[in-house]
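For reference, the structure is listed below as structure tokens.
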Amino acid sequence: MNYKTIIEPFKIKVVEPIKITTVEERKAFLKKANYNTFLLNSEEVLIDFLTDSGTSAMSADQWAGIMQGDESYAGSSSYHKMHKTIFNLTGMEYIYPVHQGRAGERILYSLLGGKGKTFISNTHFDTTRANIEFSGAEAIDIVIPEGLNPMQYHPFKGNMDTEKLEKLILEKGADNIGAVILTVTNNSGGGQPVSMKNAKEVSAICKKHGVNLFLDCCRIAENSYFIKEREEEYKNVSSKQIAVEMFSLCDGAVMSAKKDALVNMGGFLAVKNKELSESCKNLLIITEGFTTYGGLSGRDMEALAIGLEEVFDEGYLKYRIKSTSYLGDRLHAMGIPLIWPIGGHAVYIDAKALYPNIPVNQYPGQSLVCQLYLLGGIRSCEIGSVMFGKYDDNHELIPASMELVRLAIPRRVYTQSHIEYVIEVFERILLEKEKAFGMKITEEPKFLRHFTSKFEPIYKA
Ligand SMILES: *Cc1c(COP(=O)(O)O)cnc(C)c1O
């Protein structure tokens with residue numbers, strides 16, 4: 001029997017109360033936070049869609065694992081359990097725990113980077129790019145053209161442009177390529193998946209030129225489910241087996257376990273090459289910790305090992321991908337402009353198209369972020385000119401290419417009725433479209449200004 005309602009494949013054992021607030025209260029909270037939702041206290045938020053990173057709910061098994069954690073400095077049984085799980089998945093022998101994804105990136109890319117080196121990715125995530133550029137190397141993004149067009153349908157908008165890849169390797173010289181990095185799913189490109197066909201082509205090009213291929217595998221399970229759904233020859237292959245095949249194409253992998261390993265903190269770095277692993281080991285010991293714990297407690301590794309098994313449950317993955325697209329598809333049907341099709345972990349609203357009368361230098365994305373909070377207590381994240389805008393010599397804004405607002409969905413945290421509520425808030429957003437106000441920045445730091453900038457609304461006369 002195939003029913004159309006997909007239920008949450010879990011029951012709730014522990015609850016975290018949400019404090020219900022009024023519009024009047026939220027007005028005061030937002031003003032106090034200087035119209036920057038990063039500066040709100042979390043208890044002032046009803047539905048928190050700021051990020052899916054480290055915000056998952058752990059299972060009863062994971063919590064039980066926390067009590068089983070072996071906190072021995074060396075040779076912890078929790079490390080061995082984590083090693084076994086990751087080895088079975090990746091086939092990579094050298095596995096190091098790190099405190100989160102960027103720590104693994106720093107180790108690997110500082111070793112392979114440096115002045116004169118080039119890294120090529122479908123899209124480098126911001127911490128990946130920062131670690132590469134900090135080493136003195138350059139980072140080039142070559143997602144397929146469809147990946148840059150919000151409304152154009154393509155089943156695998158995260159794919160890498162293989163023609164450009166081959167051209168770049170020849171142009172720069174294979175010896176000068178630090179690594180090629182496939183980000184699955186492509187977080188900065190809307191959480192869009194990469195196909196196995198594309199991964200195979202990228203791998204073949206890298207092998208031909210003797211260039212390292214790494215997987216930024218934060219959302220490997222979600223990506224595998226998309227392959228199972230959309231790539232004909234994989235429809236009868238398990239999501240886990242699909243992940244195993246994708247890892248087999250690569251020389252190494254970095255994972256922020258705060259995503260698909262269903263834990264609140266953690267990550268790992270895995271490589272196949274012994275020599276490279278030795279260099280990684282030295283850096284790891286200097287800054288993260290001994291090889292059998294990296295930056296983690298035994299209990300963290302225990303929960304990570306369990307989460308990395310749970311995430312490949314087909315029932316969970318189906319619920320995860322379908323529930324994210326349920327929200328996106330409903331908003332789409334209401335006429336909310338967004339990145340289409342819906343990715344794995346988030347819905348990205350096109351605020352420039354939603355608020356055509358707010359000029360880009362008045363930050364339509366930030367305006368929508370504020371409206372979502374005021375009208376519904378929903379916290380979202382601007383991914384537009386607040387995050388990526390720059391100034392020219394006359395202090396005029398050079399805007400980002402898109403003004404997006406991301407609704408990132410934490411894993412196993414919200415239920416269907418929370419999502420119905422969010423959809424209703426968007427109905428209100430449409431009704432009050434004309435009342436949305438532009439924003440101006442009153443104070444800003446030099447770097448990563450979205451985190452701490454202060455704003456003021458520009459009310460219409
Ligand atoms: C989150 C993320 C990272 C960085 O991981 P942290 O755990 O936040 O340090 C790297 N790459 C991608 C694709 C990510 O989503």
Side-chain angles (χ1 to χ4, degrees), residues 38 49-56 86 96-110 113 119-135 139 141-143 147 157-160 179-194 199 213-224 226 243 246-247 250 252-270 283-284 287-288 294-296 300-301 303-304 307-308 311 320 324 343-348 381 383 387 404 406-411 448 450-451:
F38 277 97
F49 284 167
L50 191 66
T51 176
D52 68 317
S53 178
T55 52
S56 300
I86 299 174
Y96 302 116
V98 291
H99 79 272
Q100 62 183 94
R102 67 196 71 180
E105 294 175 335
R106 189 189 56 81
I107 290 171
L108 195 56
Y109 302 138
S110 66
F119 288 75
I120 305 168
S121 177
N122 43 352
T123 312
H124 293 86
F125 181 64
D126 55 11
T127 60
T128 319
R129 172 175 289 277
N131 273 296
I132 288 167
E133 290 177 351
F134 190 72
S135 82
D141 295 338
I142 51 163
V143 74
K157 278 174 103 165
N159 281 356
M160 188 181 279
V180 173
I181 304 165
L182 212 44
T183 310
V184 299
T185 57
N186 194 22
N187 186 1
S188 307
Q192 299 288 329
V194 174
L213 173 62
F214 293 111
L215 209 57
D216 180 345
C217 63
C218 299
R219 297 176 183 81
I220 179 75
E222 291 171 5
N223 197 82
S224 298
F226 278 117
M246 193 168 270
F247 280 115
C250 303
V254 180
M255 182 175 198
S256 167
K258 299 170 74 172
K259 288 54 174 256
D260 267 356
L262 301 172
V263 290
N264 305 116
M265 190 52 75
F268 67 82
L269 162 63
L283 275 186
L284 181 86
T287 58
E288 286 287 296
L296 298 178
D300 292 333
M301 295 187 284
L304 196 165
L308 208 48
V311 76
R320 171 69 177 159
T324 304
H345 69 289
V347 174
Y348 293 71
C381 182
I383 301 190
M387 196 180 264
L404 301 176
R406 185 181 74 173
L407 310 172
I409 322 286
R411 294 168 182 78
L448 294 171
H450 55 288
F451 287 128

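Just so it is clear, the values below take in all heavy atoms, side chains as well, and ignore hydrogens, waters and symmetry mates. Whatever order the structure lists ligands and atoms in, that order sets their numbers, starting from 1.
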For Arg129, the salt bridge (Lys or Arg N to Asp or Glu O under 4.0 Å) test, sequence neighbours excluded, returns Glu133, Asp141
Does a side-chain N-to-carboxylate-O contact under 4.0 Å join Asp52 and Arg411? yes
>> Run Val263 and Asp300 through side-chain contact (heavy atoms from CB on, under 4.5 Å) and show every step you take.
In response: CA-CA 8 Å; Val263 290; Asp300 292 333; over 6 Å; no
Using modelled atom types only, decide if a donor and an acceptor are shared between the side chain of Arg102 and the backbone of Thr128 within a distance under 3.5 Å. no
Which pairs of N or O atoms, one from ligand 1 and one from the protein, are separated by less than 3.5 Å, and what is the distance for each pair?
residue: ligand 1; atom: 5 (O); partner: Ser256; partner atom: OG; Å: 3.4
residue: ligand 1; atom: 7 (O); partner: Gln100; partner atom: NE2; Å: 3.4
residue: ligand 1; atom: 7 (O); partner: Gly101; partner atom: N; Å: 2.9
residue: ligand 1; atom: 7 (O); partner: Ser256; partner atom: OG; Å: 2.6
residue: ligand 1; atom: 8 (O); partner: Gln100; partner atom: NE2; Å: 3.3
residue: ligand 1; atom: 8 (O); partner: Arg102; partner atom: NH2; Å: 3.0
residue: ligand 1; atom: 9 (O); partner: Gln100; partner atom: NE2; Å: 2.9
residue: ligand 1; atom: 9 (O); partner: Gly101; partner atom: N; Å: 3.4
residue: ligand 1; atom: 9 (O); partner: Arg102; partner atom: N; Å: 2.8
residue: ligand 1; atom: 9 (O); partner: Arg102; partner atom: NE; Å: 2.7
residue: ligand 1; atom: 11 (N); partner: Asp216; partner atom: OD1; Å: 3.3
residue: ligand 1; atom: 11 (N); partner: Asp216; partner atom: OD2; Å: 2.8
residue: ligand 1; atom: 15 (O); partner: Asn187; partner atom: ND2; Å: 2.9
residue: ligand 1; atom: 15 (O); partner: Arg219; partner atom: NH1; Å: 2.8
residue: ligand 1; atom: 15 (O); partner: Lys259; partner atom: NZ; Å: 2.9

Given the ring of Phe125, does Lys259 sit roughly above its face, with NZ or CZ under 6.0 Å from the centre of the six-membered ring and within 45° of the axis? yes
The reported gap from CG in Asn223 to CG in Asn186 (rounded to nearest 0.5 angstrom) is 9.5 Å
